[in-house]
Amino acid sequence: MKTPVHILRRLWQRGQERRRRARFARSLMHLHGPTAPDIPKDAVLAIVLVRNGSYYMDAFFEYYRALGVSHFAFIDNGSTDDTIARIKSEPGTILDQSTLPLASFEDLLRQYPAQTYGQNRWCLYVDMDEVFDFEGRRQIGINGLTRYLEGQGATAMVAQMLEMFPKAPLNAVADFSFQSALEEFAYFDISSVARHAYHDPAIPFAALLSDNTIPRDDIAFCFGGVRGKVFGENCCLTKHPLIFNGPGVTPAPHPHLSMGVACADITGVIKHYKFAGNTAARDAASLSSGDLAHGEDAARAAVLHSTPDVSLFSLDARRWNRVELLVRAGFALGSDRYATFLKDHRP
């Protein structure tokens with residue numbers, strides 16, 4: 001009696017996955033920091049996938065330390081600048097490395113620090129060009145936020161990404177430092193954001209969200225935005241940046257989400273500075289090396305190459321002020337319960 005084809009296919013896929021995970025395990029190198037760090041139960045561990053991140057380093061640490069983060073687990077994907085040396089010089093850092101291609105191993109790269117150092121801890125997934133923000137940030141910091149999430153039994157917080165850009169063409173600001181970009185990239189455009197219900201089956205990765213819970217129906221997954229308008233990218237704008245990596249949670253099987261989480265009744269904002277620095281040169285180098293992980297990246301690289309003076313600024317652009325205004329606009333979500341929490345925790 002022959003074994004059905006679907007069973008043979010499933011066995012083959014399982015074998016492929018075992019080999020992929022074994023290859024990843026062999027590739028790992030621990031470069032810096034304790035292998036069993038003493039991270040307090042109430043601390044937040046920042047998890048950062050990095051490659052050639054030196055450009056962002058000073059402003060990145062300044063922002064997240066001010067937010068209340070003092071523990072950082074980096075996983076390097078083959079930096080050729082001084083990223084590794086600079087991370088080693090920073091207190092509270094752990095650094096591992098795997099140089100396997102991002103396109104095939106991104107999930108394992110992002111999961112490893114959480115599973116190795118962040119078990120039963122709050123983990124904040126951020127990239128070097130991302131600034132995580134939320135209503136009341138200056139007032140309560142990251143630890144106040146996690147106390148609020150714990151109080152409602154939440155194990156994740158959703159955040160919507162805002163692509164930040166300058167008024168000038170991108171090639172006119174290619175030489176800006178990252179600190180200058182944080183100051184000059186003062187605009188965003190949410191006029192062409194497509195919203196999907198959190199459990200909409202039309203979301204390409206809907207199956208990964210199926211076991212997650214949301215406390216309100218207006219928590220959405222968003223796509224497109226200004227990058228869709230200018231470059232034709234149908235990029236996902238929604239993430240689960242902050243998760244509690246406890247029982248039943250699978251951290252980062254996809255770069256934008258975790259599985260098995262209970263989402264909070266509020267959402268945050270991730271200010272994204274993808275176009276800081278020489279974006280065209282960076283994308284061209286990644287494209288030639290085959291390191292771009294997403295199909296939309298190639299479309300963006302093609303536009304940047306063919307239209308050097310491209311600008312993201314238009315009459316739809318709005319100037320950044322603070323998260324609270326985005327809550328009023330409905331892009332980020334607040335709640336009466338959170339408003340009461342902030343009122344009760346005034347300095």
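Heavy-atom basis, side chains included; hydrogens, waters and symmetry copies ignored.
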Within the 4.5 Å heavy-atom criterion, are [X] and [Y] side-chain neighbours or not?
X: P101; Y: E106; result: no
X: V50; Y: T83; result: yes
X: V69; Y: V126; result: no
X: Y338; Y: L145; result: yes
X: M157; Y: H240; result: no
X: M57; Y: M128; result: yes
X: I270; Y: V131; result: no
X: V249; Y: I243; result: yes

* Does L208 sit in a hydrophobic cluster with other residues, and if so which ones, taking ILVMFWY side chains as linked at heavy-atom separations under 4.5 Å, directly or through other members? ->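 Taking Ile, Leu, Val, Met, Phe, Trp and Tyr as members, L208 shares its hydrophobic cluster with V158, Y198, I203, F205, L209, I214, I219, F221, F223, L257, M259, L333.
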
Main-chain N/O of [Y] paired with [X] side-chain donor or acceptor, under 3.5 Å:
X: S180; Y: F176; answer: no
X: H256; Y: T238; answer: yes
X: D265; Y: P215; answer: no
X: R121; Y: F244; answer: no
X: D96; Y: I75; answer: no

Does a side chain donor of either [X] or [Y] reach within less than 3.5 Å of an acceptor in the other side chain?
X: N245; Y: Q115; value: yes
X: D127; Y: Y273; value: no
X: E163; Y: H272; value: yes
X: S54; Y: D82; value: yes
X: Q179; Y: D58; value: no
X: R19; Y: Q16; value: yes

* To do: Determine the sole option in T267, I266, V327 for which the side chain to side chain contact (heavy atoms under 4.5 Å, CB included) test with S335 is passed.
  =>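 Exactly one pass, corresponding to I266.
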
Report the distance from atom [atom1] of [X] to atom [atom2] of [Y], rounding to the nearest 0.5 Å.
X: D76; Y: H32; atom1: CG; atom2: NE2; value: 13.0 Å
X: Y112; Y: L49; atom1: OH; atom2: CG; value: 14.0 Å
X: K274; Y: L312; atom1: NZ; atom2: CG; value: 12.0 Å
X: I94; Y: K88; atom1: CD1; atom2: NZ; value: 14.0 Å
X: I190; Y: Q160; atom1: CD1; atom2: CD; value: 10.0 Å
X: M164; Y: D129; atom1: CE; atom2: CG; value: 12.5 Å

* Run the ring pair (Phe, Tyr, Trp, His ring centres under 6.0 Å) check on F132 and F134 step by step: do they pass? -> CA-CA 7 Å; F132 174 62; F134 53 91; 5.6 Å; yes

What is the minimum heavy-atom distance between [X] and [Y], and which atoms define it?
X: F74; Y: F60; result: CZ-CE2, 4.0 Å
X: S104; Y: D107; result: O-OD1, 4.3 Å
X: L45; Y: P113; result: CD2-O, 4.4 Å
X: G225; Y: S192; result: O-OG, 3.1 Å
X: G246; Y: N120; result: CA-OD1, 3.6 Å
X: F313; Y: P166; result: CB-O, 3.8 Å

Ring centroids only, cut at 6.0 angstrom: are [X] and [Y] within range, meaning strictly under it?
X: F185; Y: Y187; result: no
X: F275; Y: F231; result: yes
X: F341; Y: Y148; result: yes
X: F72; Y: Y64; result: no

Take a 6.0 Å sphere around [atom1] of [X] and say whether it holds more than 12 heavy atoms from other residues, nucleotides or ligands.
X: D211; atom1: CG; answer: no
X: R86; atom1: CZ; answer: yes
X: D38; atom1: CG; answer: no
X: N321; atom1: CG; answer: yes
X: D309; atom1: CG; answer: yes

Flag the pair [X] and [Y] as a salt bridge only when some basic side-chain nitrogen lies within less than 4.0 angstrom of an acidic carboxylate oxygen.
X: D200; Y: R195; answer: no
X: E17; Y: R21; answer: yes
X: D42; Y: R147; answer: no
X: E184; Y: K167; answer: no
X: R51; Y: D81; answer: no

* To do: Determine, step by step, whether L237 and L162 satisfy the side chain to side chain contact (heavy atoms under 4.5 Å, CB included) criterion, reporting the C-alpha distance in whole Å, the side-chain angles of both residues, the deciding distance to 0.1 Å, and the verdict.
  => CA-CA 8 Å; L237 305 178; L162 275 185; over 6 Å; no

* Checking salt bridge (charged side-chain N to carboxylate O under 4.0 Å, His left out) for the pair R65/E90: CA distance, chi angles, key distance, verdict? -> CA-CA 11 Å; R65 291 194 193 281; E90 292 284 345; 3.0 Å; yes

* To do: For side chain to side chain contact (heavy atoms under 4.5 Å, CB included), just list the numbers for I84 and Q97, CA-CA rounded to whole Å, side-chain angles, deciding distance to a tenth of an Å, and then say yes or no.
  => CA-CA 9 Å; I84 290 173; Q97 184 184 65; 3.5 Å; yes

* Trace of the salt bridge (charged side-chain N to carboxylate O under 4.0 Å, His left out) decision for D189 with R227 -> CA-CA 9 Å; D189 178 356; R227 284 166 60 185; over 6 Å; no

* Asked: So F178 and Y55, would you call those rings parallel, tilted or perpendicular, with 30° and 60° as cut-offs?
  ->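 Rings of F178 and Y55: tilted, as their planes differ by 30° to 60°.
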
